**Q** 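Handing you a structure now.
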Amino acid sequence: MSLFPSHQQAEPEHWRDWRWQMANAATEVDQLLPWLTLTAKEKAAMAAAAGRFPMLATPYYLSLAQSSTPRDPILRQCLPSADELGNDAGVPDPLGEEANSPLPGLVHRYADRALLILTSACATRCRHCLRKRLWDHTGRTLSRQQVKTALNYVAEQKGIREIILSGGDPLLLDEEFLDGLLAAIFQIGHVEIVRIGSRLPVVLPQRLTPEFCATLGRHGPVWLATHFNHPHELTEAAAGACLHMLKAGVPVLNQTVLLKGVNDDAEVIRRLNTGLLRMRVKPYYLFHGDPVAGASHFRTGIAAGLEILDSLRGATSGLAVPTFAIDLPEGGGKVPLTPDYAAGTDPNGHRRFVSAEGRIVSYPEPR
């Protein structure tokens with residue numbers, strides 16, 4: 001049963017309506033005080049943090065919480081916290097996106113890929129967000145002229161073979177606009193694939209109806225990269241949304257962020273990833289948290305991620321083991337990290353490695 005009964009008192013047809021979800025999203029801490037267990041100090045700190053980094057959470061996502069304290073793994077991801085206002089080492093743009101942005105909303109960091117940040121609007125403001133620098137109370141969306149200019153740039157850059165649509169959340173945009181945008185992208189002969197980054201399967205699955213997903217799926221190879229972080233997010237509604245995408249011909253990948261106090265535990269990650277596989281969603285990346293201003297309290301340290309990755313080896317299907325990666329500052333790009341399993345060489349000169357059971361095993365190479 002939800003801890004937020006007023007949300008669950010909605011008529012079923014309203015609850016299933018994504019527009020109702022957005023219209024009734026919580027934007028002020030005071031809206032949640034009747035259901036939260038907070039001290040007076042915590043209330044004041046939460047309100048102060050919301051003044052710096054606006055709050056927004058759909059009734060659906062709030063309903064996934066299984067406790068009434070800010071330490072709940074769902075609430076920790078969407079409620080403002082005093083930690084966001086601390087003196088941390090984070091910066092507004094840790095990946096140097098703005099330095100690699102030749103046009104408004106367009107980031108061209110890799111030779112064969114371009115990122116189009118279409119909007120700053122989201123269905124839920126994730127407190128660990130990479131782009132908190134773009135948050136505001138109204139949301140900003142690229143104009144049609146700005147999108148056209150960006151696509152003209154892509155058409156001139158013959159090496160670009162993939163376009164990544166991101167935000168905010170691009171799947172909040174008008175269906176007709178997205179239909180036309182995908183059609184225009186695939187008219188550029190050298191673009192082979194579109195990847196959409198969206199957290200709607202997690203926070204607003206009601207938006208991903210079969211009809212909406214079919215609109216996306218009728219264009220070229222389109223992939224969806226979503227963002228489940230905790231097993232409590234793996235609901236029937238979320239599974240249904242992902243299945244609609246899959247049936248429309250849109251494969252679904254998951255990019256988890258390792259978050260202190262949310263999922264920095266090997267068993268939590270194992271349950272998350274095996275649950276994703278049951279939903280036919282491939283665990284793709286496990287990202288170490290970026291040094292984002294206002295989000296440093298979520299960072300675990302690289303060693304924690306390597307320990308979790310090591311614990312998964314041999315304990316679960318290889319399909320459930322994502323790539324652990326960091327994103328280097330200043331546009332340095334992604335670096336995959338793995339535990340070190342090398343164990344020197346044996347007397348015959350063969351390399352030795354540590355097996356999943358902890359045994360030292362020699363590997364004979366061809367001579």
Side-chain angles (χ1 to χ4, degrees), residues 1-36 46-47 49-65 68 72 74-80 117-127 129 131-132 134-143 165-179 181 196-213 215-216 224 226-228 232-233 235-242 244-245:
M1 179 178 294
S2 170
L3 294 168
F4 304 98
S6 70
H7 299 146
Q8 292 288 37
Q9 288 169 3
E11 294 295 329
E13 62 270 24
H14 290 160
W15 187 261
R16 293 190 296 266
D17 184 342
W18 72 273
R19 293 180 179 83
W20 181 93
Q21 291 281 339
M22 291 298 296
N24 288 274
T27 58
E28 302 290 341
V29 174
D30 287 349
Q31 294 173 259
L32 305 179
L33 292 182
W35 305 287
L36 293 175
M46 195 175 286
R52 172 66 184 88
F53 297 110
M55 173 185 163
L56 179 71
T58 59
Y60 166 81
Y61 192 63
L62 288 169
S63 77
L64 306 186
S68 60
D72 181 276
I74 299 298
L75 299 182
R76 184 164 167 79
Q77 293 184 70
C78 66
L79 294 187
I117 303 174
L118 291 170
T119 180
S120 65
C122 284
T124 290
R125 294 291 191 193
C126 305
R127 311 313 293 186
C129 179
R131 300 191 181 107
K132 294 180 88 162
L134 301 181
W135 288 11
D136 58 40
H137 288 279
T138 58
R140 289 172 289 176
T141 298
L142 293 184
S143 68
L165 304 181
S166 189
D169 204 305
L171 295 188
L172 284 176
L173 297 175
D174 180 75
E175 183 173 344
E176 182 180 352
F177 168 79
L178 291 171
D179 190 20
L181 174 61
I196 300 174
S198 172
R199 211 176 182 210
L200 291 197
V202 185
V203 301
L204 190 67
Q206 296 83 357
R207 168 60 159 152
L208 304 184
T209 63
E211 297 76 17
F212 178 74
C213 295
T215 297
L216 305 178
L224 176 66
T226 191
H227 181 38
F228 290 92
H232 293 172
E233 297 168 343
T235 66
E236 182 178 343
C242 292
H244 294 330
M245 279 291 186

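Since the structure is predicted, the reported quantities are computational estimates derived from the model, not experimental observations. Residue numbers count from 1 along this sequence.
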**Q** Answer yes or no: is there a side-chain heavy-atom contact under 4.5 Å between Trp135 and Leu56?
**A**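 Of all side-chain heavy-atom pairs linking Leu56 with Trp135, none is under 4.5 Å.
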**Q** Give the minimum heavy-atom separation between Ala26 and Leu32, together with the two atoms involved.
**A**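 Scanning both residues completely, I find the closest heavy atoms to be CB-CD2, 4.0 Å.
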**Q** Would a 4.5 Å heavy-atom cut-off, applied to side chains only, mark Leu36 and Leu75 as touching?
**A**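 A side-chain contact exists here, since the closest heavy-atom pair is under 4.5 Å.
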**Q** To the nearest 0.5 Å, tell me how far Thr141 OG1 sits from Phe177 CZ.
**A**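 One finds 8.5 Å between OG1 of Thr141 and CZ of Phe177.
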**Q** Any side-chain heavy atom of Leu165 within less than 4.5 Å of one from Leu181?
**A**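 Result yes, sub-4.5 Å side-chain heavy-atom pair found.
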**Q** Determine whether a donor-acceptor pair (N or O, by modelled atom type, separation under 3.5 Å) exists between the side chain of Ser120 and the backbone of Arg140.
**A**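 Answer holds: yes.
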**Q** From Cys126 SG over to Arg76 CZ, what is the distance, rounded to the nearest 0.5 angstrom?
**A**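 The distance works out to 13.5 Å.
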**Q** For a quick test of reading the model, state the closest non-hydrogen atom pair linking Pro170 to Gly197 and the distance between them.
**A**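 Heavy-atom minimum between the residues: CD-O, 3.2 Å.
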**Q** Any chance you could measure Leu62, atom CG, to Asn24, atom CG, to the nearest 0.5 Å?
**A**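 Interatomic distance, Leu62 CG to Asn24 CG, rounded to 0.5 Å: 11.5 Å.
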**Q** Could you report the tightest heavy-atom contact between Gln31 and Ala25, atom names first, then the distance?
**A**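 Minimum heavy-atom separation between Gln31 and Ala25: NE2-O, 4.0 Å.
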**Q** Can you find a side-chain donor-acceptor pair between Gln21 and Tyr61 that sits under 3.5 Å?
**A**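 Judged by distance alone, the side chains do not pair up.
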**Q** Can you see whether Ser198 engages Arg207 through a side-chain donor-acceptor pair at a distance of less than 3.5 angstrom?
**A**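 Absent: no donor and acceptor within the cut-off.
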**Q** Considering non-hydrogen atoms only, spot the tightest contact between Leu216 and Met245 and give its length.
**A**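 Shortest heavy-atom contact: CD1-CE, 3.3 Å.
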**Q** Is it true that, when you exclude Glu13 itself, more than 12 heavy atoms of the residues, nucleotides or ligands shown sit nearer than 6.0 Å to its CD?
**A**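 Enclosed.
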**Q** Evaluate the side-chain proximity of Arg127 to Met55: yes if any heavy-atom separation is below 4.5 Å, no if none is.
**A**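 Yes, side chains in contact.
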**Q** Applying side chain to side chain contact (heavy atoms under 4.5 Å, CB included) to Thr209 and His244, what does each step give before you reach the verdict?
**A** CA-CA 7 Å; Thr209 63; His244 294 330; 5.6 Å; no
**Q** Within the structure provided, determine whether Asp169 and Arg199 are in side-chain contact (heavy-atom separation under 4.5 Å).
**A**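 Yes. Closest side-chain heavy atoms under 4.5 Å.
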**Q** Do Leu171 and Ile196 come within less than 4.5 Å of each other through their side chains, counting heavy atoms only?
**A**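 Yes; the side chains approach each other to less than 4.5 Å.
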**Q** Taking the side chain from Thr124 and the backbone from Thr58, do they hold a donor-acceptor pair closer than 3.5 Å?
**A**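 Answer holds: yes.
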**Q** Determine the minimum heavy-atom distance between Ala123 and Leu172, stating which atoms define it.
**A**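 Taking every non-hydrogen atom into account, N-CD1, 3.6 Å.
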**Q** Do you know the tightest heavy-atom contact between Gln206 and Tyr60?
**A**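 Taking every non-hydrogen atom into account, NE2-CD1, 3.6 Å.
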**Q** Once rounded to the nearest 0.5 Å, what's the spacing between atom CE of Met46 and atom CG of Leu79?
**A**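 It is 5.0 Å, given to the nearest 0.5 Å.
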**Q** Does the side chain of Ser166 reach to within under 4.5 Å of the side chain of Arg131, using non-hydrogen atoms?
**A**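 Ser166 vs Arg131: side chains touch.
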**Q** Supply the atom-to-atom distance Leu178 CG to Thr215 OG1, rounded to the nearest 0.5 angstrom.
**A**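 Output value for this atom pair is 9.0 Å.
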**Q** Distance check, rounded to the nearest 0.5 Å: Gln77 atom CD versus Cys129 atom SG?
**A**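 Output value for this atom pair is 12.0 Å.
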